[in-house]
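Right, one structure below, let's go through it.
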Amino acid sequence: MSGFLAGLCVAVLPLLASGFWLGRRTARPENLGGLGTAVEHATFETLHTASLAAPPLRAGLTGETARKSARRLRTLLGTDALCLTDQDTVLAWDGLGEHHRTEIMERLGSPLETGRGEAFRLKCDEPDCSLRWAVVAPLTVDDRVHGALVACAPRESAVLVRAAGEVARWVSVQLELADLDQSRTRLIEAEIKALRAQISPHFIFNSLAVIASFVRTDPERARELLLEFADFTRYSFRRHGDFTTLADELHAIDHYLALVRARFGDRLSVTLQIAPEVLPVALPFLCLQPLVENAVKHGLEGKTDKSHISITAQDAGAEALVVIEDNGTGMDPDRLRRILAGEVSPSGGIGLSNVDDRLRQVYGDEYGLVIETAVGAGMKITARLPKYQPGVHSAGPLPRE
């Protein structure tokens, strides 16, 4: 979080400086219709324009995002023309003199190679073209040049050079945030793959063995279990979004428990208490199923008597509160700490560290798993899920194939 705040400061401070500069240029002693001084008005306009330019850039530097942001960036600089380029071509041009595209790309070799800005005179035979100077400010992320912001004007201006550099720095920060968002998405996808890989091969083998045992004695029961197995594996290995609904996750858990109960019979009992109002809540895909699998593993492992698992999902105002509890063998708290810290192989606790990490990444550190356990005392896992979180949206029902 501290890194994010630092990045935010880096992103905003150049814009405040630009707004202050614009305000000083246009300052008047009179009040502007209740909006404060001219400096305050100019600062507001600068930040408002920047807020409109930022969202497209958070998707990276492409032709579409460049077109959506170029006009706002030109407004920030107050210049006659502005273009955004990548390493090879002009992605978007806003304003006058678009016939200068080829000339500008021919002059970008050095700035794109060195990452240093420069200004140069434009050559133009068009009698109606007022553009005479171009200011180039490279766009860099992690010391790698992605492209350039080029501002064109009728005359040379040291102020424009500095202002273009500041705006380019702000654009670079947005591109860096876009890169971080993409890295986060790739990380989540990798963790989902890891969870899929952790779906116990023994569970799959045992489920198929149980189904096979009913084929001769109870064909209808075998058919039902085969459908449960198909629905569970289809959900677990779907390629359809990073998030799901609590209803869909619980439905998959129901398929999973049907297969487990078929194997262990009366040794396992399960109770569910689900508040209907929390069923539409969106949450990370495969977030609860590993916790239930963990409860089954520790609830039945090393026990000959009956085991019980309870799953509750309650409405807690702005959050949904999900609790998964078993009366199994429990775990040494120190070992649990090492599992959550990643110091012990994930096989030591099915998906616990993975789920805890994903909840913290999506919702913040305060939303990690709360686990109460001791040797011989069972385990109680509590997960808090905000009902609304920016960027957390279910991809909708799983499409039928």
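By the 4.5 Å heavy-atom criterion applied to side chains, Ile253 and Ile311 are counted as neighbours. By the 4.5 Å heavy-atom criterion applied to side chains, Leu385 and Val322 are counted as neighbours. Between Val150 and Val135 there is no side-chain heavy-atom pair separated by less than 4.5 Å. Two residues are said to be in side-chain contact when any heavy atoms from C-beta on lie closer than 4.5 Å; His99 and Cys129 meet this criterion. Side-chain contact between Thr85 and Thr89 is absent, with no heavy-atom pair separated by less than 4.5 Å. The side-chain heavy atoms of Ile371 and Lys380, taken from C-beta on, include no pair separated by under 4.5 Å. Looking only at side-chain heavy atoms (C-beta outward), Val281 and Thr245 stay at 4.5 Å or farther from each other. Looking only at side-chain heavy atoms (C-beta outward), Cys124 and His100 come within less than 4.5 Å of each other.
Side-chain atoms of Glu176 do not come within 3.5 Å of backbone N or O of Val141 as any donor-acceptor pair. Under a 3.5 Å cut-off, the side chain of Asp142 and the backbone N or O of Arg144 do not form any donor-acceptor pair. Counting only distance, with no hydrogens or angles, the side chain of Gln389 and the backbone of Val362 share a donor-acceptor pair below 3.5 Å. Using a distance-only test at 3.5 Å, with no hydrogens or angles considered, no donor-acceptor pair links the side chain of Thr65 to the main chain of Ala59. Without hydrogens or angle criteria, Thr79 side chain to Cys152 main chain gives a donor-acceptor distance under 3.5 Å.
A salt bridge is defined here as a Lys NZ or Arg NE, NH1 or NH2 lying under 4.0 Å from an Asp or Glu carboxylate O, and Asp315 with Lys387 meets this definition. Residues Glu64 and Lys68 are paired through a salt bridge, judged by an N-O separation under 4.0 Å between the basic side chain and the carboxylate. Contact check on Asp357 versus Arg360 returns no salt bridge, with no Lys/Arg side-chain nitrogen under 4.0 Å from an Asp/Glu carboxylate oxygen.
More than 12 heavy atoms of other residues, nucleotides or ligands sit less than 6.0 Å from atom CG of Asp334. Surrounding CZ of Arg162 are at most 12 heavy atoms belonging to other residues, nucleotides or ligands under 6.0 Å away. Counted within 6.0 Å of CZ on Arg101, heavy atoms from surrounding residues, nucleotides or ligands total more than 12; the atom is thus considered enclosed. More than 12 non-hydrogen atoms from other residues, nucleotides or ligands lie less than 6.0 angstrom from CD of Glu103. Crowding of Gln273 atom CD: a count of heavy atoms from other residues, nucleotides or ligands under 6.0 Å not exceeding 12.
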Step-by-step side chain to side chain contact (heavy atoms under 4.5 Å, CB included) determination, Gln87 to Leu112: CA-CA 7 Å; Gln87 289 278 354; Leu112 292 177; 3.8 Å; yes
Stepwise side chain to side chain contact (heavy atoms under 4.5 Å, CB included) check, Tyr367 with Glu319: CA-CA 11 Å; Tyr367 285 96; Glu319 299 174 343; 2.8 Å; yes
Tyr363 and Arg384: CA distance, side-chain angles, deciding distance, side chain to side chain contact (heavy atoms under 4.5 Å, CB included) verdict: CA-CA 10 Å; Tyr363 299 121; Arg384 292 162 48 222; over 6 Å; no
Residues Tyr256, Val296; criterion side chain to side chain contact (heavy atoms under 4.5 Å, CB included); working and verdict: CA-CA 10 Å; Tyr256 169 79; Val296 169; 3.9 Å; yes
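Rounding to the nearest 0.5 Å places CG of Asp231 at 6.0 Å from NE2 of His251. The structure places NZ of Lys297 at 11.0 Å from CG of Asp326, a figure rounded to the nearest 0.5 Å. A distance of 11.0 Å separates CZ in Arg155 from CG in Leu131, rounded to the nearest 0.5 Å. Taking CH2 of Trp133 as the reference point, atom CG of Leu122 lies at 9.0 Å (rounded to 0.5 Å). Expressed to the nearest 0.5 Å, how far CG of Leu291 lies from CD1 of Ile309 amounts to 11.5 Å. For the atom pair OG1 of Thr373 and CD of Glu325, the computed distance is 10.0 Å after rounding to the nearest 0.5 Å.
In plain terms, the two heavy atoms of Ile381 and Leu369 that are nearest each other are CG2-CD2, 4.0 Å. When all heavy atoms are compared, the tightest approach of Ser269 to His308 is OG-ND1, 2.9 Å. Nearest heavy-atom pair, Ala295 versus Ile324, reported as atom, atom and distance to 0.1 Å: CB-CG2, 4.1 Å. Contact detail for Val161 and Ala119: the closest heavy-atom pair is CG2-CB, 4.4 Å. In terms of heavy atoms, Phe120 sits closest to Arg107 at CB-NH2, 3.0 Å. Residues Arg74 and Asp80 share a closest heavy-atom pair of NH1-O, 3.3 Å.
Proximity of the aromatic rings of Phe285 and Phe243 is defined here by a centroid distance below 6.0 angstrom, and this criterion is not met.
Side chain to side chain, His146 and Thr140 fail the donor-acceptor criterion of an N or O pair below 3.5 Å.
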